[in-house]
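Structure record follows, encoded as structure tokens.
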Amino acid sequence: MMVSDIPICHTCGEQVGVDTNGEVFVACHECQFPICKVCVQYDIKEGRNVCLRCGSPFDKNLLMDDTKTSGNQHTMASHLSHSQDVGVHARHVSSVSTVDSELNDESGNPIWKNRVESWKDKKNKKKRSTVKTEQEAQVPPQQQMEEKQISEEAVVTHSFSSVYPIPSSRLTPYRIVIIMRLIILGLFFQYRITNPVDSAFGLWLTSIICEIWFAFSWVLDQFPKWFPVCRDTFIDRLSARFEREGEPSQLAAVDFFVSTVDPLKEPPLITANTVLSILAVDYPVDKVSCYVSDDGAAMLTFESLVETADFARKWVPFCKKFSIEPRAPEFYFSQKIDYLKDKVQPSFVKERRAMKRAYEEFKVRVNALVAKAQKTPDEGWSMQDGTAWPGNNPRDHPGMIQVFLGNTGAHDVEGNELPRLVYVSREKRPGYQHHKKAGAENALVRVSAVLTNAPFILNLDCDHYVNNSQAIREAMCFLMDPQVGRDVCYVQFPQRFDGIDRSDRYANRNTVFFDVNMKGLDGIQGPVYVGTGCVFNRQALYGYGPPSMPSLSKTSSSSCSWCGCCSCCCPSKKISKDQTEIQRDAKREELDAAIFNLREIDNYDEYERSMLISQLSFEKTFGLSSVFIESTLMENGGVAESANPSTLIKEAIHVISCGYEEKSAWGKEIGWIYGSVTEDILTGFKMHCRGWRSIYCMPFRPAFKGSAPINLSDRLHQVLRWALGSVEIFLSRHCPLWYGFAGGRLKWLQRMAYINTIVYPFTSLPLVAYCSLPAICLLTGKFIIPTLSNLASTLFLGLFLSIILTSVLELRWSGVSIEDIWRNEQFWVIGGVSAHLFAVFQGFLKMLAGVDTNFTVTAKAAEDTEFGELYMVKWTTLLIPPTTLIVINLVGVVAGFSDALNGGYEAWGPLFGKVFFAFWVIFHLYPFLKGLMGRQNRTPTIVVLWSVLLASVFSLVWVKINPFVNQVDSTTVAQSCIAIDC
């Protein structure tokens, strides 16, 4: 009897056929693996005599005679129907995967690879013939020519972005001065080393070591800025290409990640504004999904998100109707501008007043939730239905997911669909390592892949709102550009901040870094990832290499290994791989090949697909979820067709379980990388090592804005955290000094920039010593420089002029102000002698001895005025080193003037150099001194400082003159003079 439901051969895609008895052909009676007779005979001929699924040997005589000895064997169809009861998850067949994944043929190659390659050859021939004939039959020849012409024109001429370098009239003098400065530095060190100060050899040697390190740090910081570029975007071209009238939008979907931990430290109202600005972006609503990670499992965050979702039904249509900016209500209504500018609709004023009133009512409700959460009940929090809140214990609770808005949720007040809003709190249990923010971000990657699986991901801190509603379109101009988008792992936006004092006392804006250094990196391999305001290519987070990158076995590349600009800048160098790198690269290539083949196999049922996923060792990389693994194979995003919508939430809960990442590559090779509190640097570094490049996007209107700590102590603790992360990377296996050399995919100037990001905290050691030298010289009467000759004076003058010219020309091409450069220089000293110093010691204690040291901050008082936090006085251990340096340098200046007064006219010459050195330290630490003194009843700090100095000097002069003491005779005067001369 013929069997109507004949399975498909896993190798060639044809039906397996029937044997001489009319039954389904079965090659392996152990597992009934579906494969046709022709493919089995071919495999036996090639020396592959075992079953792909179970490893059992084929019966050669049985196959050649076309007979079947056992009529009681189950058919493949019955086996597949039985397998449906087992489930589709690969974790249910892990025992099979441990055997099949190890099977190799006689030549040592994986059997699945040989089989799929033979299947691929047949499949491709069949596809090419059938697809080509169908398309030509359906589309008229004239229309084919027109479509081909339009597509070619769009790819070639209609790029969505452009790159324009800095004009040579500005950049060439800048480079010339840098080269001159290098030459002068060499001559300077030649003079300093060959002219020691014998009377102060220890001080001289210390100063030489410090100056050499400063020169090394300057080189690391300077040369990655050698190729700065700027970029333009063309949003109108993007819309014309992907948003044609009368057709659904073809723009790529984007998943937004917002992370928060403690709502009492990160106000829910700020998080709500960030979420509202995301929901109101100028982008198709069906392409936007917002995931909020509550890593503290706080009921306050959940309830405030409920209120936010309800208010979004009014806020989103209001924003889109009147095209307002920014779309965070707190910051929109607080703007001190003419809000009627460019508004022509008569109803705007009335609706704006109503919306402002609705927002104020929303704020009152959220503030009431915050006030209620100040005191936790003894029995814990309870939800509205009376059940206990699952997250009452933030360190021991199940995973929680709640979908608020979206195509199946509530619509806005005008009946339109809203973007999806999802609350996520990953599972936490004692005994598991959760990896803080990096672990939370990886949980969001998996949840979003299961629920929406957008091809691009944008992550924001909870206090960074969308300031430019078209920011996503700006990023898509790069990521969806057919010319450059394939190799782009992420698009980084600069960080901009609200609420900073006008003088930016503590360099909170980081203008030099974001407007100078990042532009320079954009001309090499791209900017570093800074933790927020970044749009990722999801495939890059999965650990894959860029599609256009050649294989790692090639020893040369057409691009320059220094800057990536050309092949003639510098010779290529063959880099040898160690055994570990070779094995890792081989595994990655094997995984890429498996992914390619698996994408093409569209005739597998769910059981067979899960078996193949397990067989290709995907579980070892991505974890035990076949739904998530299948989503990683979809480059263009979207939920897999085989996924059951009714079980997606259950699967999403599974992928955020605390044990999901065990024995997988999460945090090691894929997702946000673990091992440092600055996971952003590590994550971007790993992507650049794989050959990806990143893009720096600086739209005219800042894309995102956030809040920065303007208080001195809080700012120092922020810098301490960054520096500690750099020290952790320096002491880890991912240190740029030795990681990622195999393959040569990381450009040398890019590597130099990453080295600078991990070694800068160590500058604190020579900086503290160098800032102490002026006081020591003034107190001991010695100096680190011998008597200056004409040549030495020329070298010193040339060095100072080159430093000044470098800064002037840098601000000329970058557009930053001289004040920004000076503030950056000041805080480099302030942070270097405080936070960076503590980070070095804390990093070594943590990484080498396992001791985790925490620095507590004690708040004193603050004034309830504008920038009142700026004058808040907080005591922390970080304040001790800079305070000590200021005091000893002030004492040194006073002692120096005292010695000069006692030493006569000849002592004033050497005093000038020492005092200048001391004032260099004091002026750099002046913002710190100003923050340390607080407001001081509004008395300017400079008045206090100069009052202390002048009072000390005049007191010494007064004591020297002694006006109220009787005059002594000439003999006493002569003796005293002789004593002084001696």
Heavy atoms from other residues, nucleotides or ligands near CG of Asn636 exceed 12 (cutoff 6.0 Å):
no
Are side-chain heavy atoms of Arg175 and Leu171 found at a separation under 4.5 Å?
yes
Please walk me through it: do Arg473 and Val281 pass side chain to side chain contact (heavy atoms under 4.5 Å, CB included)?
CA-CA 10 Å; Arg473 296 177 182 269; Val281 293; over 6 Å; no
Partner residues of Trp218 under the side-chain hydrogen bond (donor to acceptor under 3.5 Å, both in side chains) criterion, sequence neighbours left out:
Gln222
Would you please say whether a donor-acceptor pair under 3.5 Å links the side chains of Glu474 and Thr233?
yes
What pair of heavy atoms forms the shortest contact from Pro326 to Gln335, and how long is it?
CD-OE1, 3.5 Å
Test your reading of the model: is there a side-chain donor-acceptor pair from Gln750 to the backbone of Gln525, 3.5 Å cut-off?
yes
Consider only side-chain N and O atoms of Arg721 and Gln718, and report whether a donor and an acceptor are under 3.5 Å apart.
no
Student check: side-chain heavy atoms of Arg496 and Asn467 closer than 4.5 Å
no
To the nearest 0.5 Å, what is the distance between CG on Leu811 and OG1 on Thr806?
11.0 Å
In short, Phe333 meets Arg352 closest at the heavy-atom pair CD2-NH2, 3.8 Å
Take Cys290 and Val292 through the side chain to side chain contact (heavy atoms under 4.5 Å, CB included) test and state the conclusion after the steps.
CA-CA 7 Å; Cys290 178; Val292 180; 4.2 Å; yes
Output side-chain donor-acceptor pairs under 3.5 Å for residues 529-537, partner residues at least two apart or in another chain, one line each.
{"from": "Tyr529", "atom 1": "OH", "to": "Asn459", "atom 2": "OD1", "distance (Å)": "3.2"}
{"from": "Tyr529", "atom 1": "OH", "to": "Asn459", "atom 2": "ND2", "distance (Å)": "3.0"}
{"from": "Tyr529", "atom 1": "OH", "to": "Gly531", "atom 2": "O", "distance (Å)": "3.3"}
{"from": "Tyr529", "atom 1": "OH", "to": "Trp672", "atom 2": "NE1", "distance (Å)": "3.2"}
{"from": "Thr532", "atom 1": "OG1", "to": "Asp461", "atom 2": "N", "distance (Å)": "3.0"}
{"from": "Asn537", "atom 1": "OD1", "to": "Gln539", "atom 2": "N", "distance (Å)": "3.0"}

Should Asp522 and Arg693 count as an ion pair when the cut-off is N to O under 4.0 Å?
yes
Carboxylate-amine/guanidinium contact Lys705 Asp498, below 4.0 Å
yes
Of Ile472, Leu421, Leu444, which meets side chain to side chain contact (heavy atoms under 4.5 Å, CB included) against Phe256?
Ile472
Evaluate the ring planes of Tyr544 and Tyr542, with Trp represented by its six-membered ring, and classify them as parallel (under 30°), tilted (30 to 60°) or perpendicular (over 60°).
perpendicular
Compare every heavy atom of Cys477 with every heavy atom of Asp481, then report the nearest pair and how far apart it is.
CB-O, 3.3 Å
Could you tell me whether the side chains of Ser707 and Asp463 share a donor-acceptor contact shorter than 3.5 Å?
yes
Examine distances only and state if a side-chain atom of Ser448 and a backbone atom of Asn453 form a donor-acceptor pair shorter than 3.5 Å.
no
Backbone N/O of Arg420 and side chain of Tyr291: donor-acceptor pair under 3.5 Å
no
Strictly distance-based, threshold 3.5 Å: is any side-chain N or O of Tyr696 a donor or acceptor partner for the main-chain N or O of Phe514?
yes
Between Lys225 and Asp515, does any side-chain N to carboxylate O distance fall below 4.0 Å?
no
Ignoring hydrogens and geometry, is there a side-chain-to-backbone donor-acceptor pair from Thr274 to Ile270 under 3.5 Å?
yes
Taking the ring of His734 and the ring of Tyr739, is the distance between their centroids below 6.0 Å?
yes
Donor-acceptor under 3.5 Å (Arg715 side chain, Tyr506 main chain)
yes
Mark yes or no for whether Asn273, through its side chain, and Glu330, through its backbone, hold a donor-acceptor pair below 3.5 Å.
yes
With a 6.0 Å cut-off on ring centres, are Tyr332 and Tyr465 close enough?
no
Taken in chain and number order and not counting sequence neighbours, the residues that satisfy side-chain contact (heavy atoms from CB on, under 4.5 Å) with Val285 are Lys320, Glu417, Pro419
Check: Val466 and Leu460 side chains under 4.5 Å, non-hydrogen atoms:
yes
Under the criterion ring pair (Phe, Tyr, Trp, His ring centres under 6.0 Å), I'd like the reasoning laid out for Phe322 against Phe348: C-alpha separation, chi angles, the key distance, then a yes or no.
CA-CA 7 Å; Phe322 298 106; Phe348 172 69; 5.1 Å; yes
Do Glu441 and Ser293 get their side chains close enough for a donor-acceptor pair, meaning under 3.5 Å?
no
I'd like to know if the side chain of Arg538 reaches the main chain of Ala454, judged simply by a donor and an acceptor atom lying under 3.5 Å from each other, with no hydrogens or angles considered.
yes
Any luck finding a side-chain donor-acceptor pair between Asp255 and Thr452 under 3.5 Å?
yes
Mind checking whether Phe741 and Trp748 have parallel, tilted or perpendicular rings, split at 30° and 60°?
tilted
Interatomic distance, CZ@Phe685 vs CD1@Ile673, rounded to 0.5 Å, equals 11.0 Å
Axial cation check for Tyr754 ring with Arg751, 6.0 Å and 45° limits:
no
Is a side-chain N or O of Arg823 found less than 3.5 angstrom from the main chain of Ile818, in a donor-acceptor match?
no
Can you list the residues that meet the side-chain contact (heavy atoms from CB on, under 4.5 Å) rule with Ala272, with sequence neighbours excluded?
Thr308, Phe362
Indicate yes or no: at least one non-hydrogen side-chain atom of Arg745 is less than 4.5 angstrom from one of Cys689.
no
To the nearest 0.5 Å, what is the distance between CG on Leu238 and CD on Gln250?
12.0 Å
Between Pro317 and Ala312 the two heavy atoms that sit nearest each other are CD-O, 3.9 Å
Of all heavy-atom pairs linking Ser161 and Phe478, the shortest is CB-CE2, 3.4 Å
Can you give me the closest heavy-atom contact between Ala703 and Ala471, atom names plus distance?
CB-CB, 3.7 Å
Between Val254 and Val288, does a side chain to side chain contact (heavy atoms under 4.5 Å, CB included) hold up when you go through it step by step?
CA-CA 5 Å; Val254 181; Val288 176; 5.7 Å; no
Report yes if the side chains of Gln495 and Asn510 come closer than 4.5 Å at any heavy-atom pair, otherwise no.
no
Between Arg690 and Glu669, does any side-chain N to carboxylate O distance fall below 4.0 Å?
yes
Could you list the residues that satisfy side-chain hydrogen bond (donor to acceptor under 3.5 Å, both in side chains) with Thr260, not counting sequence neighbours?
Glu266
N/O donor-acceptor pair under 3.5 Å between Asp820 side chain and Thr511 backbone:
no
Checking Val816 against Val516 for the side chain to side chain contact (heavy atoms under 4.5 Å, CB included) test, could you report, in this order, the C-alpha distance in whole Å, the side-chain angles of both residues, the deciding distance, and whether it holds?
CA-CA 8 Å; Val816 301; Val516 180; 4.0 Å; yes
Strictly by modelled atom types, are His688 and Ser694 linked by a side-chain donor-acceptor pair under 3.5 Å?
yes
With a 4.0 Å cut-off on N to O distance, would you call Arg327 and Asp282 a salt bridge?
no
Test of understanding: with side-chain hydrogen bond (donor to acceptor under 3.5 Å, both in side chains), list the residues that count as partners of Glu679, not counting sequence neighbours.
none
